[in-house]
Amino acid sequence: MKTKQWMRAVKLSLVILLVVPLLTGCWDRLEIEERAVVLGVSIDTASDESEAEESEVTHTRGSLPPPKKGMVRVGVQIALPGRIPLGPGESGGSQGDSSKTVWVIDVVGHSIDDAFMNLQQQVSSRLFFGHLRVIVVSEAVARKGLENVNDYFRRNSEVRRMAWMMISKGRALSLLKAAPKLERIPTLYLMSTLDEGIRMGKFPKDYIGIFWSNLSKKGQEGFLPYVERKKDQNIEIMGLAYFKGNQMVGSTKPLEIAGYLGLRGVNPAGYRAFINLDGAKETVITYVTQRRSNIDLQIKNDLPHFKVKVDLEVNIEEKINEAMYIDNPQIIEKIEKQQEKASVVFYENIIAKTQDKGSDIFGFGEHVRAKKPGYWSKKIKTKENWQRIYKDATFDISVTVNVRRIGMKAK
């Protein structure tokens, strides 16, 4: 009898030990009203005079002096509790008034972490980066280098790798303060601009996690969206900001984004281009609908030689000269040949632009590592050596264009 009671007590104790940990699931909960939810971050340079704005939160000049480096101005866009529109009928705002849904505040610091500590000293709630969607960095900061920016956000476990980082032409803070007509939350407008660009074939998929991954590769460099705020509060994708290591070294034009997508064979396609035939008067606009690319690697004269073959399927969107009959097969063939010829020069110019800076954003170096590992181990070995050798690599570009549709017109 005593044995049964003892066994029952042991079983009951085991059940209690198993159940008690399940009751502690909310011990560290933090209500959303107690968090300062950061939706967007901007990073700009700051003058040395801005140091007067800073409080000594992470340092004291007498015993714990700050680093001797340039100041940065960090801005944040914080969601106001209860003001974010939730229903589908409230997703847009005709008045474009973002001041009712978010709060934009900026501070200065000697580093990114220092600036956020200064900001936390001014905000009652704890800063929370779990919903961070956009990080906007000014071109001035990017050209100096993103070592500090990348280091801080990569170490922050709350930052999602699906967030966007972009380079702003001009002050980054102005993008956080924009009031677009289509969205009451500027950061969501910035994010949707790039996400829609991917779906429409206007921009490659390049979330912050992909950017960091490319930076860590030995045979490839990173790139980011290069954007500018226009006078009507809208945001234009100006091109690709390409990097050499952590430092921005150049940018492309908007149409040159299509060149990157074509060389990489990224679909869907979404760009249009003018094709001139015998003269400026005989011009059509073609729309690329599908891309395919193939890269073949050889070693010539002890240097990598790439044969890149690009296949494009296009539609004819518009003809400029009313007298030209594009339903003639000979005219169609002429358009195809002219676009092939122009595309070869177009792709060669984009590659040459990145070669001049030693910035292989296409990942040709990764092809060398994968297909010629012996050559890589003997001649290249490091990322810095590939940056140098990429400038002397040679390319043979060939393009095939097939016109699939010319549209329809009533007669």
Side-chain angles (χ1 to χ4, degrees), residues 26-46 50-51 53-60 64 66-67 69-86 98-138 141-142 146-166 168 171-179 183-191 207-209 211-212:
C26 297
W27 69 272
D28 63 342
R29 76 186 188 280
L30 184 63
E31 300 294 340
I32 192 170
E33 291 83 0
E34 299 173 4
R35 289 175 170 177
V37 179
V38 177
L39 300 177
V41 172
S42 68
I43 303 172
D44 291 293
T45 57
S50 302
E51 193 170 358
E53 302 178 31
E54 184 192 25
S55 301
E56 297 182 15
V57 178
T58 61
H59 59 274
T60 56
L64 298 171
K69 59 182 296 184
M71 304 282 289
V72 293
R73 183 174 295 276
V74 175
V76 295
Q77 191 178 100
I78 299 175
L80 298 179
R83 302 291 184 86
I84 302 297
L86 300 177
S98 61
S99 63
K100 296 181 179 180
T101 56
V102 294
W103 177 32
V104 178
I105 182 173
D106 62 282
V107 296
V108 295
H110 292 274
S111 70
I112 305 299
D113 196 20
D114 182 35
F116 278 119
M117 285 301 299
N118 293 336
L119 177 64
Q120 186 65 81
Q121 204 74 3
Q122 302 176 26
V123 179
S124 60
S125 302
R126 173 182 172 271
L127 295 175
F128 177 66
F129 296 92
H131 293 290
L132 178 64
R133 289 293 178 265
V134 173
I135 303 169
V136 187
V137 182
S138 70
V141 173
L146 298 183
E147 293 90 348
N148 183 220
V149 177
N150 289 330
D151 184 72
Y152 175 81
F153 288 106
R154 290 183 79 166
R155 292 178 186 278
N156 193 324
S157 60
E158 293 179 348
V159 176
R160 301 184 184 184
R161 270 45 181 172
M162 293 290 287
W164 281 98
M165 182 184 287
M166 59 186 70
S168 168
R171 302 293 289 178
L173 184 61
S174 66
L175 272 71
L176 293 192
K177 294 182 177 180
E183 183 65 62
R184 280 185 267 180
I185 305 173
T187 52
L188 298 186
Y189 179 77
L190 289 171
M191 182 184 68
Y207 302 115
I208 191 171
F211 172 66
W212 288 337

J.: Atom NZ of K177 and atom CG of D106: how far apart are they, to the nearest 0.5 Å?
T.: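 Rounded to the nearest 0.5 Å, the NZ-CG separation comes to 5.5 Å.
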J.: Between V72 and A46, what is the shortest heavy-atom contact and its length?
T.: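 Taking V72 first and A46 second, the nearest heavy atoms are C-CB, 3.9 Å.
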J.: Please check: side-chain N/O of D113 versus main-chain N/O of Y152, any donor-acceptor pairing under 3.5 Å?
T.: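 No; zero donor-acceptor contacts below 3.5 Å.
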J.: Find out whether F116 and L127 are in side-chain contact, i.e. whether some heavy atom of one side chain is under 4.5 Å from a heavy atom of the other.
T.: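 Counting from C-beta outward, F116 and L127 do come under 4.5 Å.
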J.: Atom CH2 of W164 and atom CG of L190: how far apart are they, to the nearest 0.5 Å?
T.: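 The CH2 atom of W164 sits 11.5 Å away from the CG atom of L190.
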J.: Indicate yes or no for a side-chain donor-acceptor contact from R161 to the backbone of V159 under 3.5 Å, with no hydrogens or angles considered.
T.: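 Yes: the side chain of R161 pairs with the backbone of V159.
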J.: Is a side-chain N or O of E147 found less than 3.5 angstrom from the main chain of N150, in a donor-acceptor match?
T.: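 Such a contact is absent between E147 side chain and N150 backbone.
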J.: With rounding to the nearest 0.5 angstrom, report the CH2 to CG distance, W103 to L80.
T.: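 Between W103 CH2 and L80 CG, I get 8.5 Å after rounding to 0.5 Å.
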J.: Nearest heavy-atom pair of A172 and D44: which atoms, and what distance?
T.: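 Heavy atoms only, the tightest pair is N-OD1, 2.7 Å.
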J.: What's the verdict on side chain to side chain contact (heavy atoms under 4.5 Å, CB included) for L119 and V76, showing C-alpha distance, side-chain angles and the deciding distance?
T.: CA-CA 9 Å; L119 177 64; V76 295; 3.4 Å; yes
J.: Looking only at heavy atoms, which two atoms of V123 and A36 are closest? And how far apart?
T.: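 Reported closest heavy-atom pair: CG1-CB, 4.0 Å.
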J.: What's the separation between atom CE in M191 and atom OH in Y207, rounded to the nearest 0.5 Å?
T.: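 One finds 9.0 Å between CE of M191 and OH of Y207.
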J.: For the atom pair CD (Q77) and CG (L188), what is the distance rounded to the nearest 0.5 Å?
T.: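 One gets 8.0 Å once the value is rounded to the nearest 0.5 Å.
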J.: Going by heavy atoms in the side chains, are V137 and L146 under 4.5 Å from each other?
T.: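 Side chain of V137 against side chain of L146, heavy atoms only: contact under 4.5 Å found.
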J.: Is it true that R35 and E158 make a salt bridge, defined as a side-chain N closer than 4.0 Å to a carboxylate O?
T.: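 No, R35 and E158 are not salt-bridged.
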J.: Taking all atoms of both residues into account, what is the closest heavy-atom pair of V141 and I43, and its distance?
T.: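 Looking at all heavy atoms of both residues, the shortest contact is CG2-O, 3.9 Å.
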J.: Using modelled atom types and a 3.5 Å cut-off, is there a donor and acceptor pairing between side-chain atoms of R154 and backbone atoms of G209?
T.: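 Looks like no, no N/O pair under 3.5 Å.
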J.: Do you know the tightest heavy-atom contact between R160 and G130?
T.: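 Residues R160 and G130, closest heavy atoms: NE-O, 2.9 Å.
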J.: Go through the steps for V149 and M165 under the test side chain to side chain contact (heavy atoms under 4.5 Å, CB included), then give the verdict.
T.: CA-CA 10 Å; V149 177; M165 182 184 287; 3.9 Å; yes
J.: Can a donor-acceptor pair be found, under 3.5 Å and without considering hydrogens, that links the side chain of Q120 to the backbone of A115?
T.: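 No; judged by distance alone, with no hydrogens or angles, the pair does not exist.
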J.: How long is the gap from CE on M71 to OG1 on T45, to the nearest 0.5 Å?
T.: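 So the gap between those two atoms works out to 11.5 Å.
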J.: Is any side-chain heavy atom of L39 closer than 4.5 Å to a side-chain heavy atom of V134?
T.: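 Result no, sub-4.5 Å side-chain heavy-atom pair not found.
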J.: Is V108 close to N118 at the side-chain level, that is, under 4.5 Å between some pair of heavy atoms?
T.: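 When only atoms from C-beta onward are counted, V108 and N118 do not touch, as no gap falls below 4.5 Å.
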